[in-house]
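Working notes for the structure below.
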Amino acid sequence: MAQDLIGCKLCTQTNGILTSGIIVETEVYNGRTDKACHAYSNKRTPRTQIMYEKGGIAYVYFVYGMHYLFNVVTNKKEFADAVLIRAIEPTDGLEEMYARRKMNVNGKLLTGGPARLAQALGIDKQLNGESLEGNKVWIESRNSDFEGELEATKRIGVDYAGEDANLLWRFSIIGNPFVSK
DNA sequence: CATTTGATGTTCT
DNA sequence: GAACATCAAATGC
């Protein structure tokens with residue numbers, strides 16, 4: 001799923017304004033075997049509950065006191081798996097993204113990074129649990145002429161997860177300028 | 001350039 | 001009370 005999502009277009013629409021971007025970097029989280037997952041060992045808390053729903057909805061959570069991160073819930077009901085969207089390449093609604101990010105130039109600082117893309121797309125906890133088939137947030141299929149080449153690397157910021165920190169569960173398009181380094 | 005540090009609040013123990 | 005799937009500004013070369 002994480003590999004298939006790359007090249008697809010993530011879209012949001014709030015107050016009638018469309019903003020979107022092509023997904024260029026993702027990470028996998030597995031709720032049964034992965035110490036880096038909030039739902040590791042099938043842990044259920046008010047926060048993780050949303051990951052146990054049937055796939056096709058958003059999991060949005062807050063970290064470091066100031067950032068929202070956007071994930072796609074991917075598995076069957078009761079199987080808490082998710083894919084974190086780490087970077088997108090902006091396509092629609094550039095002006096709105098500049099305003100939300102308080103910036104005025106396109107580049108990796110606009111949407112390269114999980115908290116940056118969430119801010120650019122206007123994603124916050126109100127979208128937690130939202131269907132990805134609705135009209136607030138959705139994902140469009142990859143273009144048939146998509147030619148990006150993927151690489152698998154270690155996940156970012158999960159050193160606390162012991163050996164699971166070494167899993168090659170981060171996927172990105174080789175050479176894409178919006179991918180974090 | 002690289003590295004450090006401060007901002008900030010929700011979640012879980 | 002500690003940890004946290006981060007970022008940007010400030011510092012040190």
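Only heavy atoms go into these numbers, but all of them, side chains included; no hydrogens, no water, no symmetry mates. Naming convention: chains lettered A, B, ... in sequence-line order (proteins, then strands); numbering from 1 in each chain. Predicted model only: the values in this text are computed from it and were never measured.
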Residues in ring-ring contact (aromatic ring centres under 6.0 Å, His included) contact with Y61(A), at least two apart in sequence or another chain | H38(A), Y59(A)
The answer to which of K125(A) and Y64(A) contacts DNA chain B further toward the 5' end, by nearest nucleotide, is Y64(A)
For DNA chain B, determine which residues of residues 85-122 of chain A have any heavy atom closer than 4.0 angstrom to one of its atoms, and list them numerically.
-> none
Atom-to-atom span, CE of M51(A) to P of dT11(B) - whole angstrom = 13 Å
Side-chain donor-acceptor pairs of residues 156-167 of chain A under 3.5 Å, sequence neighbours excluded:
unit_1, atom_1, unit_2, atom_2, d
Y160(A), OH, A36(A), O, 3.2
D164(A), OD2, K35(A), N, 2.8

Apply salt bridge (Lys or Arg N to Asp or Glu O under 4.0 Å) to R155(A) and list each qualifying residue two or more places apart in sequence or on a separate chain.
-> D34(A)
Under a 4.5 Å side-chain heavy-atom rule over Ile, Leu, Val, Met, Phe, Trp and Tyr, are I6(A) and L10(A) clustered together?
-> yes
Hey, could you give me the CD1/CZ distance between I23(A) and F70(A), rounded to the nearest 0.5 Å?
-> 7.5 Å
Using atom names, set out every protein N or O paired with an N or O of nucleotides 1-6 of chain B below 3.5 Å, distance rounded to 0.1 Å.
none

Give the dot-bracket string for DNA chain C, reading 5' to 3', where a pair is Watson-Crick or G-U wobble with both distances under 3.5 Å, ( ) marks pairs inside the strand, [ ] marks pairs crossing earlier ones, | marks a partner on another strand, and . marks unpaired.
-> ||||.|||||||.
Walk along DNA chain C from 5' to 3' and tell me the first and last nucleotide with an atom closer than 4.0 Å to a non-hydrogen atom of chain A.
-> dC4(C) to dA8(C)
Are any of the side-chain heavy atoms of K108(A) and P177(A) separated by less than 4.5 Å?
-> no
side-chain hydrogen bond (donor to acceptor under 3.5 Å, both in side chains) pairs, two or more places apart, involving residues 91-103 of chain A | K9(A)-D92(A), T14(A)-R100(A), T19(A)-R100(A), S20(A)-T91(A), S20(A)-D92(A), E96(A)-R100(A), R101(A)-Q119(A)
Would you check if V72(A) and L5(A) make a side-chain contact, meaning some heavy-atom pair closer than 4.5 Å?
-> yes
List in numerical order all residues of residues 152-165 of chain A for which some heavy atom is under 4.0 Å away from an atom belonging to DNA chain C.
-> G157(A), V158(A), Y160(A)
Residues pairing under salt bridge (charged side-chain N to carboxylate O under 4.0 Å, His left out) where one sits in residues 61-89 of chain A, two or more places apart or in two chains, turn out to be E25(A)-R86(A), E27(A)-R86(A), R32(A)-D81(A), R44(A)-E78(A), E53(A)-K77(A)
N15(A) side chain vs I17(A) backbone, donor-acceptor pair below 3.5 Å | no
Got a sec, which residues hit side chain to side chain contact (heavy atoms under 4.5 Å, CB included) with A118(A), two or more places apart in sequence or on another chain?
-> Y68(A), I123(A)
May I ask you to decide if K136(A)'s main-chain N or O and T12(A)'s side chain share a donor-acceptor pair within less than 3.5 Å?
-> no
With sequence neighbours excluded, residues passing side chain to side chain contact (heavy atoms under 4.5 Å, CB included) with T153(A) = E151(A), R170(A)
Do the non-hydrogen side-chain atoms of I50(A) and N128(A) ever get within less than 4.5 Å of each other?
-> yes
So do the side chains of L109(A) and M103(A) get within less than 4.5 Å of each other, counting heavy atoms only?
-> yes
Using atom CG of L69(A) as one end and atom P of dT11(B) as the other, report the distance to the nearest whole Å.
-> 14 Å
